[in-house]
Amino acid sequence: MNYTLDFGPVVTGLPDLLKGCAGTLVLAVSGMVIALVIGVVGVVLRESPLRPLRWAVIAFVELIRNTPFLVQIYFVFFALPLIGIRLAPTPTAIIALGLNGGAYAIEIIRGGVQSIHKGQVEAGFALGLHKRDVFRFIVLRPALRAVYPSLTGQFVMLTLTTSIASAIAAYELTSVAKLIENESFRSFEVYGTITVLYFLMSWLMMRAFGLVSRRYFSYPVK
């Protein structure tokens with residue numbers, strides 16, 4: 001079987017693919033913001049003295065972590081209209097990404113908070129530090145240092161997961177690629193190109209996160 005490569009449709013559709021990359025980043029950033037909010041609130045509820053609240057958070061985390069994201073996004077897409085909420089595919093995808101990322105963020109943030117020994121906080125108060133300074137220098141920064149690699153890794157994973165949002169026609173890179181492929185029938189060229197684009201986005205994000213980590217979360221070296 002002879003197959004001739006033809007990247008003409010890809011070159012013609014490159015502006016649309018780049019817009020799709022922007023759409024992917026919008027989904028990922030919006031979803032991660034929701035995930036962080038869910039993560040912080042979830043950690044507070046997870047440590048609550050009220051057992052039903054703790055059980056609810058545990059059940060949410062286990063449900064999300066043990067079901068495929070494709071099932072989750074379909075559930076949100078078809079469940080919201082049943083309660084009278086009708087959203088476009090892109091906002092629906094953002095909500096589903098936020099719920100998915102939130103389950104992982106809860107465990108990541110909880111691990112960071114638990115890594116701060118109570119003795120460190122007590123030592124800060126013993127030294128006469130204000131409560132604000134204890135939180136800022138003894139709790140917050142070490143906790144952020146502990147969870148930062150995991151949170152950034154989760155953000156990259158969430159960025160790649162946005163490709164599944166094409167299943168409900170949300171605007172992102174894979175959905176744009178599907179349109180170009182349907183018009184040109186150049187599957188290898190189109191999906192090979194977006195593979196490179198996803199790799200470049202992930203690599204650039206990890207490089208940027210690495211620079212932030214070295215600037216703000218590295219240990220001082222004499």
At their closest point, which heavy atom of Pro9 faces which heavy atom of Ile180, and how far apart are they?
O-CG2, 4.1 Å
Any donor-acceptor pair under 3.5 Å from Asn182 side chain to Lys178 backbone:
yes
How long is the straight-line distance from CD1 of Ile94 back to CG of Leu99, given to the nearest 0.5 Å?
12.0 Å
Say whether, by atom type as modelled, one donor and one acceptor occur between the side chain of Glu189 and the main chain of Phe7 under 3.5 angstrom.
no
Does Ser175 offer a backbone N or O that forms a donor-acceptor pair with the side chain of Glu172 under 3.5 Å?
yes
If I compare all heavy atoms of Pro49 with all of Arg54, which pair ends up nearest, and what's the gap?
O-NH1, 3.2 Å
Working to the nearest 0.5 Å, report the span between OG1 of Thr24 and CG of Leu18.
11.0 Å
When Leu45 is tested against each of Ile58, Leu53, Ile106 for side chain to side chain contact (heavy atoms under 4.5 Å, CB included), which residue passes?
Leu53
Show the nearest heavy-atom pair for residues Gln154 and Gly101, with the distance to one decimal.
NE2-CA, 4.2 Å
Starting from Phe188, can I reach Val176 by hopping between I/L/V/M/F/W/Y residues whose side chains sit under 4.5 Å apart?
yes
Minimum heavy-atom separation for Gly39 and Ile109, please, with both atom names.
C-CD1, 3.9 Å
Are Glu107 and Arg110 close enough for a salt bridge, meaning some N to O gap below 4.0 Å?
yes
Please list every donor-acceptor pair under 3.5 Å in which a side-chain atom of residues 156-165 meets a protein atom from a residue at least two apart or in another chain.
residue: Thr159; atom: OG1; partner: Phe155; partner atom: O; Å: 2.9
residue: Thr161; atom: OG1; partner: Met157; partner atom: O; Å: 2.7
residue: Thr162; atom: OG1; partner: Thr159; partner atom: O; Å: 2.5
residue: Ser163; atom: OG; partner: Leu160; partner atom: O; Å: 2.9

Any side-chain heavy-atom pair of Val10 and Arg186 under 4.5 Å
no
Consider only side-chain heavy atoms of I, L, V, M, F, W and Y, link residues closer than 4.5 Å, and tell whether Val57 and Val41 are in one cluster.
yes
Are Val196 and Tyr191 linked, directly or through other ILVMFWY residues, by side chains that come within less than 4.5 angstrom of each other?
no
Are Val212 and Thr152 close enough that some pair of their side-chain heavy atoms sits under 4.5 Å apart?
no
What verdict does the side-chain contact (heavy atoms from CB on, under 4.5 Å) test give for Leu151 and Leu36, after you've listed the backbone C-alpha separation in whole Å, the side-chain angles of each residue and the deciding distance to 0.1 Å?
CA-CA 9 Å; Leu151 281 179; Leu36 289 175; 4.1 Å; yes
Heavy-atom pair of closest approach, residues Ser184 and Val190
OG-CG2, 4.3 Å
Rounded to the nearest 0.5 Å, what separates atom CG in Leu97 from atom CD in Gln72?
9.5 Å
Within the side chain of Ser213, is there an N or O that forms a donor-acceptor pair under 3.5 Å with the backbone of Phe209?
no
CA sep, side-chain torsions, deciding dist, call: Met201, Leu25, side-chain contact (heavy atoms from CB on, under 4.5 Å):
CA-CA 9 Å; Met201 283 193 290; Leu25 294 176; 4.1 Å; yes
Shared hydrophobic cluster for Ile168 and Ile85 (ILVMFWY, side-chain gaps under 4.5 Å)
yes
Test item: side-chain donor near acceptor, Ser150 and Tyr104, under 3.5 Å:
no
Counting C-beta onward and ignoring hydrogens, is there a side-chain heavy-atom pair between Tyr171 and Val26 closer than 4.5 Å?
no
Considering all heavy atoms of both residues, which atom of Ala167 and which atom of Tyr74 are nearest to each other, and what is their separation?
CB-OH, 3.6 Å
To the nearest 0.5 Å, atom CE of Met32 lies from atom CG of Asn100 at 10.5 Å
Mind checking the CG-CG spacing from Asp16 to Leu179? Nearest 0.5 Å is all I need.
8.5 Å
Could you check whether atom CZ of Phe125 has more than 12 heavy atoms from other residues, nucleotides or ligands sitting under 6.0 Å from it?
yes
Are Phe78 and Ile73 in one and the same hydrophobic cluster, where Ile, Leu, Val, Met, Phe, Trp and Tyr link if side-chain heavy atoms are under 4.5 Å apart?
yes
Of all residues at least two apart in sequence or in a different chain, which pass the ring pair (Phe, Tyr, Trp, His ring centres under 6.0 Å) check with Phe60?
none
